[in-house]
Student: 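Sending over a structure as structure tokens; questions will come in a sec.
Atoms within each ligand, like the ligands themselves, are counted from 1 in listed order. Every heavy atom of this structure was used, including side-chain atoms; hydrogens, water molecules and symmetry mates were not.
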Amino acid sequence: MKNIVILISGRGSNMEAIVEACARERWPAKVAAVVSNKADAGGLRFAADRGIATAVLDHKGFASREDFDAELAKVIDGFEPDLVVLAGFMRILTAGFVRHYEGRLLNIHPSLLPSFAGLHTHRRAIDEGCKVAGATVHFVTPELDHGPIVAQAVVPVLPTDTEQDLSARVLVQEHQIYPRAVRWFVEGLLSVDAQGRVTHTGGQAQAVLAPSSDA
Ligand code: GAR
């Protein structure tokens, strides 16, 4: 049984999707804890209602990023994680923290990486006239929003899209690919080659193409 620790900063809908898929599909894993840097993160209530341990560590109480990340790692390690999942955890992580969890730290980013690392991904995709957008699950490396790509989902960008429309369409797909990618990890089905390319050892496709009728 693998232990998963999920980090959130807000709503936590990806965390919910992972918790639910883990239970429904009987993964060989359990969500041991949900940790937030914000006491008012909406997802904390969901986790507590499910009997999952929760912890809050407010970054504002720390003098430096290094101090916060060191304490955060202590909290996380108390739950003996095999995998740490960033699910809308809106903090830039120090290289030391990332190295500590190397190979067992996943993130979801709402763009087709390597395009649109950073913030405001949907607005930037619309402004660039992109015809498709999407989301990426990747292993975390010290470089922001980079690292070996595990899975991606692609959605159309429609001519009338607002940032909110596109964000909502992408989020539906995030809830498909993130649980799938986490399941692959806990089942030991992911392999990363020397160049940082990830494959599913059972040969499963790692991209989802959402038809425009999903819009
Ligand atoms: C998701 O769209 C996720 O991709 C994004 O924050 C949202 C969190 O939603 N993450 C990032 O932008 C990280 N760079 P959620 O709290 O409902 O899962």
Student: Between ligand 1 and Gly12, can you find any atom pair, the residue atom being a heavy atom, that is separated by under 4.0 Å?
Tutor: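 For ligand 1, residue contact (heavy atoms, under 4.0 Å) with Gly12 is present.
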Student: Quick test: of every protein heavy atom, which one is nearest to atom 7 (C) of ligand 1, and how far off is it to 0.1 Å?
Tutor: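 Its nearest protein heavy-atom neighbour is Arg11 NH2, 4.2 Å.
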Student: Quickly, which of Val170, Leu171, Asp161 forms a side-chain contact (heavy atoms from CB on, under 4.5 Å) with His122? Name it, please.
Tutor: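 Output: one option passes, namely Val170.
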Student: Is there a donor-acceptor contact under 3.5 Å from the side chain of His109 to the main chain of Phe116?
Tutor: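 Yes, because the side chain of His109 sits within donor-acceptor range (under 3.5 Å) of the backbone of Phe116.
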Student: Taking the inter-plane angle between the rings of Phe68 and Phe62 on a 0 to 90° scale, is it parallel (under 30°), tilted (30 to 60°) or perpendicular (over 60°)?
Tutor: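 Geometry flag for Phe62 against Phe68: perpendicular rings.
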Student: Does some side-chain heavy atom of Ile4 sit less than 4.5 Å from a side-chain heavy atom of Asp82?
Tutor: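 Asp82 vs Ile4: side chains apart.
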Student: Is it the case that the side chain of Thr136 and the backbone of Gln152 share a donor-acceptor pair, with hydrogens and angles ignored and the cut-off at 3.5 Å?
Tutor: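 Checked: no pair found.
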Student: Side-chain contact, heavy-atom cut-off 4.5 Å: Arg123 with Asp127?
Tutor: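 Yes, at least one pair of side-chain atoms sits under 4.5 Å.
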Student: Would Met90 count as a contact of ligand 1 if the rule is a heavy atom under 4.0 Å away?
Tutor: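 Met90 counts as a contact of ligand 1 under the 4.0 Å cut-off.
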Student: By number and element, which atoms of ligand 1 are closer than 4.0 Å to a non-hydrogen atom of Ile108?
Tutor: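 Answer, ordered by atom number: 4 (O), 10 (N), 13 (C).
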Student: Under the 6.0 Å and 45° cation-pi test, does Arg104 pair with Phe185?
Tutor: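 No, Arg104 does not sit over the ring of Phe185.
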Student: Provide, to 0.1 Å, the distance between atom 15 (P) of ligand 1 and the closest protein heavy atom, together with that atom's residue and name.
Tutor: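 Scanning the protein heavy atoms, the shortest distance from atom 15 (P) of ligand 1 goes to Ser13 N, 3.4 Å.
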Student: For ligand 1, which atoms, with element, lie under 4.0 Å from some heavy atom of Glu174?
Tutor: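 Counting atoms of ligand 1 from 1, those under 4.0 Å from Glu174 are 1 (C), 2 (O), 3 (C), 4 (O).
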Student: Taking atom 12 (O) of ligand 1 as the point of reference, which of Ala135, Ala117, Pro110, Gly10 owns the nearest heavy atom?
Tutor: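 Comparing heavy atoms across Ala135, Ala117, Pro110, Gly10, the nearest one to atom 12 (O) of ligand 1 lies in Pro110.
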Student: For ligand 1, which atoms, with element, lie under 4.0 Å from some heavy atom of His109?
Tutor: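 Atoms satisfying the 4.0 Å criterion: 14 (N).
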Student: In terms of residue, atom name and distance, what is the protein heavy atom nearest to atom 8 (C) of ligand 1?
Tutor: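 Protein heavy atom at minimum distance: Gly88 CA, 3.6 Å.
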